[in-house]
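Read through the structure below, which is laid out as structure tokens, and then see the notes.
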Protein chains: 2
Amino acid sequence: MTSSLDTLARQFRERGHKLTQPRRAILRTLLAASRPLSPAEIQEYGQSYCQDLGLVTVYRTLELLEDLDLVRAVHVAQNCHGYALSTPGHTHHVVCERCHAVVEIVGCELGDFLDSVAERTGYAITGHWLEISGICAECRANERQDSTTL
Amino acid sequence: MTSSLDTLARQFRERGHKLTQPRRAILRTLLAASRPLSPAEIQEYGQSYCQDLGLVTVYRTLELLEDLDLVRAVHVAQNCHGYALSTPGHTHHVVCERCHAVVEIVGCELGDFLDSVAERTGYAITGHWLEISGICAECRANERQDSTTL
DNA sequence: GGCATAAATGGAAAATACTTTCACTACGTG
DNA sequence: CACGTAGTGAAAGTATTTTCCATTTATGCC
């Protein structure tokens, strides 16, 4: 959003990666996009900058850009494939990074925050999705154990 | 989480759906799970309750259960197919439901909320993911226009 | 500026994942 | 307990992602 192609390119090279034409095309496409794009879309639009940009390259470059924190995967509802029983009402999840256990948080205390978002962005807010990751008590206990036995 | 098989089954029937063996197997699997499962996993585990549970049925049943709000899709990072440039630092997205335009919210005001989550759940919070959906100013303007021209 | 070289590329094809179709089955009402 | 319909699984169809490898290209070095 705030980054220019130059800034991105510099960061890219500074971390020891080559700035090839295909990669430049992908960055340009992402810079020009007003919404998250799928790999196939990135290839399609990217070909206006780099004639024969391959889909494989798009996948590889996205992976790299994610590692470098220059790009992020955005949650797109249709394409999320984990399912869990929901408790009635509005809830959020806290997912353990180690064992993937899920705790649901029943209350939702984001009302004020969402109001301010609406005001700042001009959007009419219709919903939100919050997921919190962490390490559950059990896994932390196990980790302590592991490190003492080593 | 708090629901029993009986409760789920009752809600299911009350809303005019048949409670078949495959569906029962899927509900049982979800009840027994401690983390979100993919459709393929649900099929695999569900087969211990219903010998030849088909993947198609899993997809259809999940869709139905989502409609009934008995199950929810949980964001699983690997399977999200939208990519967007990330601005440096921590941001959240507001995505327009109509045109998919994305606005990034730069500040993050969830600190206090996350602290209370940590306290309540016993998790060490390592990160969070918030996405807000809404309708952007432009799309709302278009909608008003549409309804007056009709 | 040209050269060496290691990284990066694109196409083909394999491997996965997801959807749709359709003839058959079984739920549960009466 | 028979019947009608919602629900089913297998298989085919489509889309997505990964792997492999011969070829190309960016970049540091002269």
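Chain naming here is simple, since letters A, B, ... match the order of the sequence lines and numbering starts at 1 in each.
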What does [X] touch in the nucleic acid at a heavy-atom separation under 4.0 angstrom: a base, only the sugar-phosphate, or nothing?
X	result
A:R24	nothing
A:L53	sugar-phosphate
B:R60	base

Could you tell me how far apart [X] ([atom1]) and [N] ([atom2]) are, to the nearest whole angstrom?
X	N	atom1	atom2	value
A:L55	C:dT9	CG	C1'	13 Å
A:L27	D:dA26	CG	P	14 Å
B:F12	C:dC27	CZ	P	13 Å
A:L62	D:dT16	CG	P	14 Å
B:H17	C:dA26	NE2	C1'	18 Å
B:Y59	D:dT8	OH	C1'	17 Å
B:L19	C:dC27	CG	C1'	10 Å
A:Q43	D:dA15	CD	P	14 Å

Exercise. Looking at the side chain of A:P39, which of D:dT17, D:dG7, D:dA26 is the nearest nucleotide?
Worked result: D:dT17
For this session: Could you pull out all residues at least two apart from B:Y45 that satisfy ring-ring contact (aromatic ring centres under 6.0 Å, His included)?
Result: none
Step through the shown structure and confirm whether more than 12 heavy atoms of other residues, nucleotides or ligands are within 6.0 Å of [atom1] on [X].
X	atom1	value
A:Q51	CD	no
B:E66	CD	yes
A:D112	CG	no

Quick one: which protein N/O atoms are closer than 3.5 Å to N/O atoms of nucleotides 3-6 of chain C? Pair and distance per line, please.
| residue | atom | partner | partner atom | Å |
| --- | --- | --- | --- | --- |
| C:dA6 | N3 | A:K18 | NZ | 3.3 |

Exercise. Taking A:Q43 for the side chain and A:L53 for the main chain, is one N or O donor matched with an acceptor at less than 3.5 Å?
Worked result: yes
For this session: Please determine if a side-chain N or O atom of B:T20 lies less than 4.0 Å away from the OP1 or OP2 oxygen of D:dT8.
Result: yes
Problem set entry | For the student: nearest non-hydrogen atoms of B:Y49 and B:A32, plus distance | OH-CB, 4.1 Å
Exercise. Closest nucleotide of DNA chain C for B:Q21 versus for A:D52: which of these residues is on the 5' side?
Worked result: A:D52
Problem set entry | side chain to side chain contact (heavy atoms under 4.5 Å, CB included), paired with A:V58, selected from A:P39, A:S38, A:P22 | A:P39
Problem set entry | 5' priority, DNA chain D, between B:V56 and B:R23 [closest heavy atom] | B:R23
